[in-house]
Enquirer: 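One structure, pasted below without further comment.
Both backbone and side-chain heavy atoms feed into the values below; hydrogens, waters and symmetry mates do not. Convention: sequence-line order gives letters A, B, ...; per-chain numbering from 1.
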Amino acid sequence: MSVVTRFAPSPTGYLHIGGLRTALFSWLTAKHNDGTFLLRIEDTDMARNSEEAKDAILKAFEWVGMECDGEVIYQSKRFDVYKKYIKQLLKEGKAYRCYMSKEELAALREEQMANKERTRYDGRYRDFTGTPPAGVDPVIRIKAPQKGTISFVDGVKGEMNIAATEVDDFVIARADGAPTYNFVVAIDDALMGCTEVIRGDDHLYNTPKQIVVYNALGLKQPNFYHVAMINNEQGKKLSKRDGATDVMEYKTMGYLPEALLNFLVRLGWSHGDQEIFSVEEMIALFDPNDINKSSSNYNLDKLLWLNAHYIKEASDEKLIGLLKDFGVDLKGNEKASMLLNATKERGKTLVELAEQIKLITTAPTQYDEKSAKKAFKGEAKEILSTFADMLALAQPTTKEAFHAVMEKIVEEKEIGFGKIGMPLRVSLMGSMTGSGLDEIMAILGVSETIKRIEKAIANM
RNA sequence: GACCCUUUCAUCUAGUGGCCAAGGAUAUUACGUUUUCAACGUAAAAACAGAGGUUCAAAUCCUUUAGGGGUCGCCA
């Protein structure tokens with residue numbers, strides 16, 4: 001039988017980083033088995049526009065290269081289906097109308113709390129046959145088993161046994177007739193043919209409820225996998241204060257999707273000692289049964305390291321395309337390849353890479369105070385001036401040729417490399433950091449190099 | 001409060017009773033390389049939450065304590 005997985009977000013606006021990991025796990029499971037990955041929007045109660053949410057999620061999926069198969073499914077458009085099943089359950093006596101008011105329910109909860117019990121509906125209308133109280137629109141509750149345990153095997157957590165007393169006759173349709181979450185999820189998962197349901201472990205307690213629905217309706221249960229949450233570095237719930245939670249923020253921060261996916265797949269899953277996974281490798285190796293039980297903490301350092309790795313690996317062509325969004329257009333620039341080679345290794349993100357490139361391509365407007373003080377002293381002026389003359393004479397064009405001129409001045413003047421290197425660097429870049437000088441000069445060319453040197457001398 | 005899940009270096013993790021006086025990666029520190037910064041290379045430091053058991057043998061099995069997380073809606 002073909003594997004079907006799904007991602008089922010509620011429309012809250014954007015795709016959360018934790019949601020992306022769950023989606024990734026589902027997507028990988030589907031792809032690994034040549035199966036289908038579906039997207040379903042859970043909007044049974046949200047007044048918000050779920051079109052927008054769908055677009056935001058699809059956009060994020062598109063960016064990371066995860067496609068969902070088939071049409072996006074909206075629960076809000078499937079009320080007829082759910083109502084049919086509600087009617088069926090009512091008719092079969094597996095569900096019933098409950099006339100308890102919200103106030104009564106609140107009072108019951110308070111009482112149970114006071115008695116140190118788990119709060120639950122007490123089933124008072126379960127076998128009600130009398131005259132219903134006037135003026136109350138009833139909700140519909142499903143009959144959950146009153147004895148025994150509800151058991152299922154979770155692919156992550158192992159065997160789960162939940163006492164039937166923990167699961168009450170929960171509401172499947174509100175007073176206005178709208179079906180509720182646990183009811184529609186079970187129906188949709190079954191009707192969509194989901195074979196593996198991979199979701200956050202905040203849904204662990206919903207599973208027995210959904211199993212009640214599967215059983216009442218005679219639907220086939222999928223395999224469940226409940227993935228522990230991602231926490232922040234302190235082990236607390238991930239919130240906006242811990243940095244970016246919206247997947248698309250990572251794009252604007254200059255992360256490559258392959259780095260983000262590689263980072264996320266290693267949160268709660270591993271394959272021996274392997275750290276670097278291409279998407280193809282993930283698909284080939286991923287198995288939801290290998291997902292770790294415990295929650296993991298979000299750690300930016302590793303993402304940064306992975307991103308640096310994927311930037312170094314990326315082709316010039318790819319980087320040129322990516323860099324356009326970061327204010328650097330290298331298309332058609334014959335020095336593009338040299339520029340990227342010179343900067344690739346010191347940009348951990350595309351933002352940093354773009355900065356490094358701009359640092360070379362734009363002449364310094366001011367000189368870093370500390371660096372200038374250190375470099376522009378002693379004979380610096382004279383050395384630079386001689387160096388400029390030598391450049392004008394030699395007219396080097398390659399990195400090697402520029403390097404040769406540097407070596408020559410070192411030899412002739414009997415000075416250390418630093419004596420020319422430091423002032424030259426500050427003249428060209430404005431500060432003491434950056435790529436190799438010979439590389440930079442080769443990119444700039446002789447005339448621009450001399451121009452910057454002269455400007456620096458004038459400022460000394 | 002009740003119920004459930006979870007606990008290996010700072011962080012992600014390997015580990016399914018003997019191969020573990022616990023391995024890899026990131027971060028950290030030192031050294032090397034270099035005209036600078038980074039990258040790179042080499043090295044160092046760094047963990048089985050605590051207590052009891054079972055066993056010839058426990059990170060691994062059991063009990064229990066503690067920490068962390070989750071759930072208890074006519075939200076999803």
Enquirer: Check for me whether Arg141(A) meets the cation-pi criterion with Tyr121(A), that is, NZ or CZ under 6.0 Å from the six-membered ring centre and within 45 degrees of the ring axis.
Expert: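 Yes, a cation-pi geometry holds between Arg141(A) and Tyr121(A).
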Enquirer: Please report the distance, rounded to the nearest Å, between CG in Asp137(A) and P in C74(B).
Expert: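 In whole Å, C74(B) P and Asp137(A) CG are 15 Å from each other.
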Enquirer: With a 3.5 angstrom cut-off on both distances, give the Watson-Crick or G-U wobble partner of A46(B), or none if there isn't one.
Expert: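 Partner of A46(B): none found under 3.5 Å.
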Enquirer: Using a 4.0 Å heavy-atom cut-off, does Ser431(A) contact any base of the nucleic acid, only the sugar-phosphate backbone, or nothing at all?
Expert: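 No contact at all - Ser431(A) keeps every heavy atom at 4.0 Å or more from the nucleic acid.
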Enquirer: Want to settle it: does Asp290(A) or Gln75(A) sit nearer the 5' end of RNA chain B, counting the closest nucleotide to each?
Expert: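 The residue mapped nearer the 5' terminus is Asp290(A).
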Enquirer: Applying a 4.0 Å non-hydrogen cut-off, can you work out what Lys419(A) is touching in the nucleic acid: base, sugar-phosphate, or nothing?
Expert: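 It contacts nothing in the nucleic acid.
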Enquirer: Provide the Watson-Crick or G-U wobble partner of G17(B), both distances under 3.5 Å; none if there is no partner.
Expert: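 Per the H-bond distance test, none.
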Enquirer: Tell me what Lys344(A) touches on the nucleic acid: a base, only sugar-phosphate, or nothing, going by heavy atoms under 4.0 Å.
Expert: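 If one applies the 4.0 Å heavy-atom cut-off, Lys344(A) turns out to touch nothing in the nucleic acid.
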Enquirer: Hey, does Leu267(A) reach any base, or is it just sugar-phosphate, or nothing, if we go heavy atoms under 4.0 Å?
Expert: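 Sugar-phosphate, backbone atoms only, no base.
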Enquirer: Checking contacts here: which listed nucleotide (C12(B), C5(B), A14(B)) is nearest the side-chain heavy atoms of Met160(A)?
Expert: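 Out of C12(B), C5(B), A14(B), the nucleotide with an atom closest to Met160(A)'s side chain is C5(B).
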Enquirer: Report the residue (Asp168(A) or Asn299(A)) whose heavy-atom-nearest nucleotide on RNA chain B is the more 5′ of the two.
Expert: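 Looking at the nearest nucleotide for each, Asn299(A) comes out on the 5' side.
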Enquirer: Would Lys83(A) pass as a cation-pi partner of Phe79(A), given that its NZ or CZ must be under 6.0 Å from the six-membered ring centre and within 45 degrees of the axis?
Expert: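 Judged by the rule (NZ or CZ under 6.0 Å from the ring centre, within 45° of its axis), Lys83(A) is not positioned above Phe79(A).
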Enquirer: If you take atom types as modelled and just measure distance, does the side chain of Lys302(A) reach the base of C12(B) with a donor-acceptor pair under 3.5 Å?
Expert: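 Such a pair exists between side chain and base.
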Enquirer: Parallel, tilted or perpendicular for Tyr125(A) and Phe128(A), by the 30°/60° rule?
Expert: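 Correct class here is perpendicular.
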Enquirer: Just how far, in rounded Å, is C1' of C37(B) from NZ of Lys370(A)?
Expert: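 Nearest whole value for this atom pair: 15 Å.
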Enquirer: Quick check for you: among U35(B), G24(B), A39(B), whose closest atom lies nearest to any side-chain atom of Met422(A)?
Expert: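 It is U35(B).
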Enquirer: In Watson-Crick or G-U wobble terms, both distances under 3.5 Å, what is the partner of U33(B)?
Expert: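 Per the H-bond distance test, none.
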Enquirer: Picking from C5(B), A39(B), U35(B), which would you name as closest to the side chain of Glu345(A)?
Expert: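 Selected nucleotide: A39(B).
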Enquirer: In whole Å, I'd like the distance from the CD atom of Glu439(A) to the C1' atom of U36(B).
Expert: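 Roughly 13 Å, once rounded to whole Å.
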Enquirer: Among A76(B), U71(B), G73(B), which is the nearest nucleotide to the side chain of Asp202(A)?
Expert: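 Per side-chain heavy atoms of Asp202(A), the pick is U71(B).
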Enquirer: Using whole Å, what does the distance between atom P of nucleotide C74(B) and atom NZ of Lys102(A) come to?
Expert: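 Taking atom P of C74(B) as the reference, NZ of Lys102(A) is at 8 Å.
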Enquirer: Output the rounded distance in Å from CZ (Arg118(A)) to C1' (G1(B)).
Expert: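 Value for this atom pair: 11 Å.
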Enquirer: From the options C74(B), C12(B), A76(B), select the nucleotide whose nearest atom is closest to the side chain of Thr44(A).
Expert: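 Of all the options, the side chain of Thr44(A) is nearest to A76(B).
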Enquirer: For the pair made of CG in Leu108(A) and P in C72(B), what is the distance, rounded to whole Å?
Expert: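 It is 16 Å, rounded to the nearest whole Å.
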Enquirer: Would you say Lys143(A) has more than 12 foreign heavy atoms packed within less than 6.0 Å of its NZ?
Expert: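 It does: Lys143(A) NZ has more than 12 such atoms within range.
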Enquirer: So, applying side-chain contact (heavy atoms from CB on, under 4.5 Å) with Phe25(A), which one of Thr5(A), Val265(A), Val156(A) is it?
Expert: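 In the set Thr5(A), Val265(A), Val156(A), the residue that makes a side-chain contact (heavy atoms from CB on, under 4.5 Å) with Phe25(A) is Val265(A).
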Enquirer: For Leu238(A) and G68(B), what is the distance between atoms CG and C1' respectively, to the nearest whole Å?
Expert: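 Roughly 15 Å, once rounded to whole Å.
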